[in-house]
Amino acid sequence: MADTIEVLIQEEQIDARIRELAKQIDADYAGKSVVLLTTLKGACFFACELAKRLTIPVFMEYIQAASYEGKSSTGTLTMKLDIPADAITGKHVIIIEDVIDTGRTLSAVKELIRSRSPASLAVCSLLDKHECRVVPFEGDYIGFSIGNDFVVGYGLDWDQKYRNLPYIGIVR
Ligand code: IMP
Ligand code: MG
């Protein structure tokens, strides 16, 4: 049977919010260049849209960390793709994430990136499920705060499905 997907955030709302985030980042990093360090695969859609709206110089880098199977966090972080330290050291790095959930992935990723001595380090996430935290973690730039529903679309998947939906929805 086909899954039912209820729209939570419309494409137009996402687009408008990304423009606001880009303005804020442009202002905060005026006169500097930034490395957008995107976590594959989910944050790719968000990162590309954000990058296109930024007017400061942008460098794109990618890492892949996995802690999820199906709809639940396994709690163990594995790095499937890493980047060399020289892409990070001395640079202004913004980690781009699709959603902060338990906080486990990003606290581990942030610690790893910090160990490579960036000039500065911030986290920008399209979504934040604040009530789901298992470890304390705060993002610096958040698109939307949402509840604890499992969401798909705009890069987010459910077992690799639905990433290409242009909106964010809840699987019912
Ligand atoms: P955390 O370590 O629990 O914060 O996990 C964050 C990661 O889990 C995200 O990068 C997503 O890949 C995945 N994730 C968490 N919640 C959802 C969701 O609602 N839909 C799709 N993926 C999710
Ligand atoms: Mg992810």
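Counting starts at 1 for both ligands and their atoms, following the listed order.
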Is the closest N or O pair between Val151 and ligand 1 shorter than 3.5 Å? yes

State, with a plain yes or no, whether a side-chain heavy atom of Ile18 is found less than 4.5 Å away from one of Phe46.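 Yes, at least one pair of side-chain atoms sits under 4.5 Å.
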
Please list every donor-acceptor pair under 3.5 Å in which a side-chain atom of residues 135-144 meets a protein atom from a residue at least two apart or in another chain.
from: Glu138; atom 1: OE1; to: His130; atom 2: NE2; distance (Å): 3.2
from: Glu138; atom 1: OE2; to: His130; atom 2: NE2; distance (Å): 3.0
from: Asp140; atom 1: OD2; to: Val123; atom 2: N; distance (Å): 2.8
from: Tyr141; atom 1: OH; to: Asp28; atom 2: OD2; distance (Å): 2.6

Does ligand 1 have an atom that lies less than 4.0 angstrom from a heavy atom of [X]?
| X | answer |
| --- | --- |
| Arg133 | no |
| Gly42 | no |
| Val152 | no |

Between Lys52 and Glu49, does any NZ, NE, NH1 or NH2 come within less than 4.0 Å of an OD or OE carboxylate oxygen? yes

Is Asp86 salt-bridged to Lys91, cutoff N-O under 4.0 Å?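 Lys91 and Asp86: not salt-bridged.
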
Taking only heavy atoms of [X], which atoms of ligand 1 are found under 4.0 Å from at least one of them?
| X | value |
| --- | --- |
| Leu156 | 20 (N), 21 (C), 22 (N) |
| Val99 | 6 (C), 9 (C), 10 (O), 11 (C), 14 (N), 15 (C), 16 (N), 17 (C), 23 (C) |
| Arg104 | 2 (O), 4 (O) |
| Thr102 | 1 (P), 2 (O), 3 (O), 4 (O) |

Result for side-chain contact (heavy atoms from CB on, under 4.5 Å) between Pro118 and one of Val93, Ile95, Val35, Thr89 points to Val93

Checking side-chain polar atoms at under 3.5 Å, does Asp98 have a donor or acceptor matched by the opposite partner on Tyr154? no

Answer with side chain, backbone, both or neither: which part of Leu106 has a heavy atom less than 4.0 angstrom from an atom of ligand 1?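 Neither part.
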
Show me the donor-acceptor pairs within less than 3.5 Å that the side chains of residues 53-62 make with the rest of the protein, sequence neighbours left out.
from: Thr55; atom 1: OG1; to: Asp26; atom 2: OD1; distance (Å): 3.3
from: Thr55; atom 1: OG1; to: Asp26; atom 2: OD2; distance (Å): 3.0

